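Data block below; observations after.
No hydrogens, no waters, no symmetry mates; every other heavy atom, side chains included, goes into these values. Just so it is clear, the model here is predicted, and its values are computed rather than measured.
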Amino acid sequence: MEHRTKEVAHFREKINRPGKAYADPLAEATDLCGVRIISRRISDVDRVIELLRREFAIDEGNSSYRSEELGVDQFGYTSVHIVFQLDDNRAVLTEWKDFAAIKAEVQVRTVLQHAWALISHSFDYKVSTDVPRQLRRRLFRLSAIFELADSELDQIAENVENLIQSYKTDVSKGKAAIELNVDSLRAYIETAPEARYWIQFLRENTGQRVESWGDLSRDIRIAERCGITTLDEIKKVMINAKGWGEQFFKIFYDKLFQEKNITPDKVMTVLNGVVTWLLIASNKDKFSQQVLESKFGIHGLGSWYIVEAARKAKETSK
């Protein structure tokens with residue numbers, strides 16, 4: 001979000017322009033202050049518009065929307081401009097009543113619309129006739145590419161959301177012959193009973209917090225080093241660890257608390273941490289301190305003690 005308040009000098013210049021006649025400039029000006037909201041997706045722009053319409057009184061006559069097509073002589077990729085003021089419910093409140101008659105402007109645009117605005121602003125072209133003829137076709141093509149990219153990114157994001165939901169549905173039904181990637185692994189950890197088992201085990205038996213997400217991409221690379229490419233193989237690791245994995249986690253975190261001289265409530269493991277540690281512990285022969293540090297960025301206790309903790313846990317569980 002960006003914001004600005006019109007400077008007094010600019011306001012004075014605006015209301016004194018030839019052909020302008022204001023009876024009450026403060027009430028009639030629509031851009032005394034402005035906010036720009038920059039979203040990642042086109043669909044988020046529509047959600048912001050709905051929110052503004054719900055919370056404020058919109059001046060539709062002075063507002064313009066992306067859905068309105070550019071005129072044949074207009075140039076560029078436009079964003080949404082909404083002029084609003086406080087609705088009746090807010091305008092009567094003590095803290096707001098002094099601003100009841102004042103209007104403000106909100107600009108809502110995507111990241112790519114914002115990028116295009118910054119680029120085109122430097123040219124100061126508003127309609128096609130402003131553009132030198134030899135550049136006109138190239139700039140129109142460029143603005144069309146920005147618009148197409150916005151549409152494609154929105155569609156891709158929707159496809160990713162649908163794919164994640166399909167992963168969750170398959171995992172909940174016991175299907176695990178699924179390609180291992182960041183999205184499928186996250187869906188597995190959120191849905192699979194064996195993942196919930198290990199997360200709950202850590203919470204109940206180590207006293208630490210288990211929440212948030214860590215580097216899922218690193219987990220994929222760790223799995224690749226173990227020769228694992230599907231969720232089914234991840235599932236087998238999580239299930240086969242039962243019986244020694246419990247002791248492994250206790251040994252590992254007891255050492256961690258001792259080494260750092262801290263209490264468990266000061267420690268947090270990310271949700272995907274159970275997969276990270278069990279993958280390494282289950283395939284300890286494929287990892288060394290140097291490999292964990294140089295290839296996967298795992299330093300400290302995790303780089304030198306995790307393999308030892310796995311060895312001790314497997315020996316005591318025999």
Distance, nearest 0.5 Å, that separates [atom1] of [X] from [atom2] of [Y]:
| X | Y | atom1 | atom2 | answer |
| --- | --- | --- | --- | --- |
| R186 | N272 | CZ | CG | 8.0 Å |
| W213 | I189 | CH2 | CD1 | 4.5 Å |
| L32 | E7 | CG | CD | 13.0 Å |
| D265 | T206 | CG | OG1 | 11.0 Å |
| L256 | I306 | CG | CD1 | 11.0 Å |
| L185 | I178 | CG | CD1 | 11.5 Å |

Do E179 and Y167 touch side chain to side chain, with heavy atoms closer than 4.5 Å? yes

Any salt bridge between [X] and [Y], counting N to O under 4.0 Å?
| X | Y | result |
| --- | --- | --- |
| K250 | E246 | no |
| E50 | R54 | no |
| D59 | K103 | yes |

For K242, I'd like to know if atom NZ has over 12 heavy atoms of other residues, nucleotides or ligands within 6.0 Å. yes

Quick check: are there more than 12 heavy atoms from other residues, nucleotides or ligands sitting under 6.0 Å from NE2 of H299? yes

Does K255 qualify as a cation-pi partner of Y305, given the criterion of NZ or CZ under 6.0 Å from the six-membered ring centre and within 45 degrees of its axis? yes

cation_pi(K314, F248) dist<6.0 Å, angle<=45: no

Under the rule for salt bridge (charged side-chain N to carboxylate O under 4.0 Å, His left out), what residues qualify as partners of R90, not counting sequence neighbours? E55

Cut-off 3.5 Å, side chains only: do E60 and S63 have a donor facing an acceptor? no

Hey, quick one: are V275 and V270 part of the same hydrophobic cluster, counting side-chain heavy atoms closer than 4.5 Å, chains of contacts allowed? no

Would you tabulate the side-chain donor-acceptor contacts of residues 37-45 under 3.5 Å, counting partners in other chains and residues two or more places apart, or write 'none'?
residue, atom, partner, partner atom, Å
S39, OG, R41, O, 2.9
R41, NE, S43, OG, 3.4
R41, NE, D154, OD1, 3.2
R41, NH1, E161, OE2, 2.7
R41, NH2, S43, OG, 3.4
S43, OG, D154, OD1, 3.1
D44, OD1, R47, NH1, 3.2

Please find out if less than 6.0 Å separates the ring center of W277 from that of F249. no

Shortest non-hydrogen pair, I251 vs A309, comes out as CG2-CB, 4.0 Å

